[in-house]
There are 4 protein chains.
Amino acid sequence: MSADPQIPLRADARRNRDQIIAAARLIFAEYGPEVPMEEIARSAGVGVGTLYRRFPDREALIREVAVDNFSRVLQDARAAITEEPTWWQALVRLLYQSVELHLSIQLAMLSKKALEIVKDDPAITQLRDDLLVEVDTMVRGAQEEGDLRPDVGAGDVAMLFALLLRQMESRRPEIAEMSTARCITIMIDGLRANPGTPLPGRPLNRHDIN
Amino acid sequence: MSADPQIPLRADARRNRDQIIAAARLIFAEYGPEVPMEEIARSAGVGVGTLYRRFPDREALIREVAVDNFSRVLQDARAAITEEPTWWQALVRLLYQSVELHLSIQLAMLSKKALEIVKDDPAITQLRDDLLVEVDTMVRGAQEEGDLRPDVGAGDVAMLFALLLRQMESRRPEIAEMSTARCITIMIDGLRANPGTPLPGRPLNRHDIN
Amino acid sequence: MSADPQIPLRADARRNRDQIIAAARLIFAEYGPEVPMEEIARSAGVGVGTLYRRFPDREALIREVAVDNFSRVLQDARAAITEEPTWWQALVRLLYQSVELHLSIQLAMLSKKALEIVKDDPAITQLRDDLLVEVDTMVRGAQEEGDLRPDVGAGDVAMLFALLLRQMESRRPEIAEMSTARCITIMIDGLRANPGTPLPGRPLNRHDIN
Amino acid sequence: MSADPQIPLRADARRNRDQIIAAARLIFAEYGPEVPMEEIARSAGVGVGTLYRRFPDREALIREVAVDNFSRVLQDARAAITEEPTWWQALVRLLYQSVELHLSIQLAMLSKKALEIVKDDPAITQLRDDLLVEVDTMVRGAQEEGDLRPDVGAGDVAMLFALLLRQMESRRPEIAEMSTARCITIMIDGLRANPGTPLPGRPLNRHDIN
DNA sequence: GATGAATGAGCTTTCATTCAT
DNA sequence: AATGAATGAAAGCTCATTCAT
């Protein structure tokens with residue numbers, strides 16, 4: 001009888017699993033969530049059989065990639081809070097950093113189907129909620145410090161964030177990169193305190209965006 | 001006399017064609033550019049055969065939907081220029097309006113494949129260029145009038161615009177709509193003259209985004 | 001009330017019918033019996049609708065083309081008998097001439113499906129039988145005159161004939177034509193009286209080949 | 001060790017591949033090169049998927065069947081040369097034998113489309129050329145020995161050969177078989193030295209028929 | 001456990017035939 | 001009566017998933 005409940009994968013199996021997730025992240029980002037499973041397997045250097053042994057079907061793989069991704073962003077958010085001197089700076093850093101870090105799977109999530117898959121997964125929901133708690137904290141902190149306009153909520157910031165996660169397509173990658181940075185900055189300026197325009201509706205908080 | 005070039009489709013054929021494009025626009029927007037053709041046909045109220053008679057393959061349909069879409073946005077842009085008192089207001093109106101109007105095919109264009117298809121079509125390229133000329137005019141005008149920050153170009157605005165065209169997904173549509181409006185407003189505030197943050201890189205003009 | 005039982009087509013309708021058969025003959029010969037009906041219609045200069053008004057379906061068209069073809073060959077055979085001084089010469093002429101004349105639909109008939117269609121049509125069966133009677137006459141005549149080897153029957157000749165009706169494919173048409181003429185001549189030499197080799201089996205007569 | 005180039009298919013895959021080619025040969029011969037792929041798959045006892053895994057599309061399958069076929073004929077030709085006492089007898093044997101053996105794909109080649117497909121395949125071209133070299137040798141040998149009329153070339157023989165490869169259609173198979181044998185014999189007699197009729201054109205050599 | 005072969009459902013596209021104009 | 005548009009069944013091909021090696 002083995003002891004561990006979650007029998008921790010053998011070293012090589014572990015390696016395979018990680019390679020697959022890493023490969024899937026890239027491939028999903030590049031070709032969307034409908035790429036042939038075989039493509040992902042090849043790019044991970046394993047056979048389809050192995051892929052299916054680890055992830056019972058495409059949905060499971062998408063879910064795992066999402067978990068992996070949210071974990072990273074959550075880590076980033078916490079690091080930003082710990083390391084930056086002001087809430088505002090933490091927020092700004094998250095906006096910049098996470099884009100560069102995760103220009104990947106999120107793309108895939110644009111797809112209605114992918115969204116559905118991810119939406120009801122408890123692990124992902126949990127991570128998402130954890131992340132929104134951190135963002136909410138940053139938002140309130142930055143507002144108290146007078147750096148962030150008071151009429152936005154964590155939901156607004158998350159939406160802006162989501163918008164940015166869609167990688168720009170452009171024939172010239174250096175333009176795409178520059179453009180992304182410029183767009184973020186423009187948005188950040190729009191978020192700054194004392195803006196000129198009252199926002200329509202009401203602040204979206206972290207529960208509004210479910 | 002008579003002799004229109006392009007023998008102008010029989011009345012019923014014309015009607016069908018229009019219905020198909022309209023349906024495709026919606027369906028592409030909702031499910032992405034890979035929806036079964038049959039779906040599109042059904043939703044247009046015709047048989048697949050009819051769809052294929054009019055558009056030799058999926059690519060052709062995507063192209064035509066894109067042409068249709070760009071034409072509308074171009075029209076919008078020109079109307080905004082004609083009807084709004086300042087360049088800045090024309091620009092703002094375009095940002096708001098086009099999102100509401102064209103939350104559709106653009107979505108599709110997120111897909112790498114769809115982009116490829118559209119990129120090399122001469123009709124689309126032409127429309128796109130025409131549109132960028134209008135935007136460029138608005139940008140320069142608004143900058144001269146001191147409403148728009150001087151360190152952005154038509155390319156930056158187009159990128160922002162493109163960003164917005166990806167419809168937000170949300171379980172609750174009223175939240176999605178509100179969120180879109182708020183995001184646009186935040187961006188517009190970021191675009192206003194006298195911003196706090198110098199933008200990275202240099203203004204992207206209409207040629208940068210090819 | 002119209003008088004004729006077979007209401008003889010109006011002049012223009014007649015013309016259409018003939019054009020369609022002529023076109024079908026060529027197209028079948030070139031692309032086989034499965035060409036799109038639309039192709040045939042276009043090449044006959046009419047709409048599909050017209051084609052279908054005249055011939056209820058593809059089978060009917062194939063049948064009519066076959067009737068047209070057999071009639072021509074039958075005419076050729078009779079002309080050869082009338083005009084040539086010996087039976088042998090009539091036979092030879094038929095072999096050469098009909099190839100040139102009817103390199104067409106016969107090709108199509110190689111197709112199993114086309115054969116089935118044609119096999120049971122009474123008009124075609126009749127024409128075929130008439131033709132075989134003429135060939136039989138030539139064969140017996142030429143044998144009595146000592147020009148044709150005595151161990152062949154009308155069936156053998158028909159089979160040889162059928163063989164030749166399959167047009168040779170070749171990249172260079174002048175070679176194809178020369179090759180056909182040479183093959184016929186070689187066969188004719190093989191048919192001549194006093195051959196070196198006894199033929200296997202027994203003479204095939206006109207009933208053997210059904 | 002190991003390291004065969006072309007990783008030599010797993011045993012079961014190999015078996016399937018062979019079954020598919022064998023089935024395709026028969027089915028093509030019977031129904032022409034346009035039979036539903038599903039038909040071929042069923043008759044080979046595999047699913048369509050398997051067929052498509054092995055042969056990317058119909059063209060590829062046709063090509064492989066052709067390669068298989070030409071290889072067999074080439075083998076026959078060489079065996080005939082080795083085993084028969086005279087060149088003439090080798091030629092005669094090839095004519096008889098190959099018909100019986102390969103009454104198959106050749107049929108398919110009657111189709112214009114099939115021809116195109118096969119024409120530009122280097123493997124097939126090579127086999128064809130090899131075969132023509134053997135035929136050329138037989139022809140010259142038989143002519144030197146005085147058995148074959150001097151005014152024919154390897155091209156003429158190849159054309160005759162091609163003609164024969166089109167299986168005769170007949171309701172009664174024993175008649176079809178007898179007829180084939182008789183036709184071949186008649187042709188062979190036509191090929192014998194001291195023929196009565198000068199052939200039109202000039203001897204076609206193996207390059208004439210490209 | 002890993003691999004890649006086999007399967008078959010599903011989507012794309014074509015085309016015979018019908019029918020509105 | 002002629003035309004060409006619409007339809008839908010059928011064929012080609014792809015790919016998720018299963019299973020033998």
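These figures come from a predicted structure and were not determined experimentally. Chain letters run A, B, ... following the sequence lines, proteins first and then strands; every chain starts at 1.
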N/O (side chain, A:R58) to phosphate O (OP1/OP2, F:dC15) under 4.0 Å: no
Strand DNA chain F as a dot-bracket string - pairs counted if Watson-Crick or G-U with both distances under 3.5 Å, | where the partner lies in another strand: .||||||||||||||||||||
Gap between atom CG of A:N69 and atom CG of A:L127 - 0.5 Å precision: 10.5 Å
Are any of the side-chain heavy atoms of A:D68 and A:R25 separated by less than 4.5 Å? yes
In whole Å, what is the span from the CD1 atom of C:I117 to the P atom of E:dA16? 12 Å
Separation of F:dA11 P from B:M37 CE (nearest whole Å): 21 Å
The residue, C:P36 or B:Y52, whose nearest nucleotide of DNA chain E is more 5′ is B:Y52
Map B:T50 and C:L51 onto DNA chain F by nearest heavy atom, then report which one ends up closer to the 5' terminus. C:L51
Output all residues satisfying side chain to side chain donor-acceptor pair (under 3.5 Å) with D:R53, sequence neighbours left out; order by chain, then residue number. none
A:D57 or C:G49: which one's nearest nucleotide on DNA chain F is closer to the 5' end? C:G49
From the set F:dA16, E:dT17, F:dG8, return the single nucleotide nearest to any side-chain atom of C:V48. E:dT17
4.5 Å side-chain heavy-atom contact, B:R54 and B:N16: no
Base of F:dA5 paired with side chain of B:R53 (donor-acceptor, under 3.5 Å): yes
side-chain N/O C:N16 vs F:dA2 OP1/OP2, d < 4.0 Å: yes
Name the atoms and distances for all side-chain donor-acceptor pairs under 3.5 Å in residues 58-65 of chain A, with sequence neighbours left out.
unit_1	atom_1	unit_2	atom_2	d
A:R58	NH1	A:P33	O	2.8
A:R58	NH1	A:V35	O	3.0
A:R58	NH2	A:V35	O	2.7
A:R63	NE	A:D121	OD2	3.4
A:E64	OE1	A:R17	NH2	3.3

Quick one: B:E34 CD to E:dG10 C1', roughly how many Å, whole number? 14 Å
B:R14 CZ to F:dG4 P: how many Å, rounded? 18 Å
In whole angstrom, what separates C:I62's CD1 from E:dT17's P? 10 Å
Could you check B:E38 against D:G47 and say which one's nearest nucleotide on DNA chain E is further toward the 5' end? D:G47
For atom CD of C:E59 and atom P of E:dA16, their distance in whole Å: 13 Å
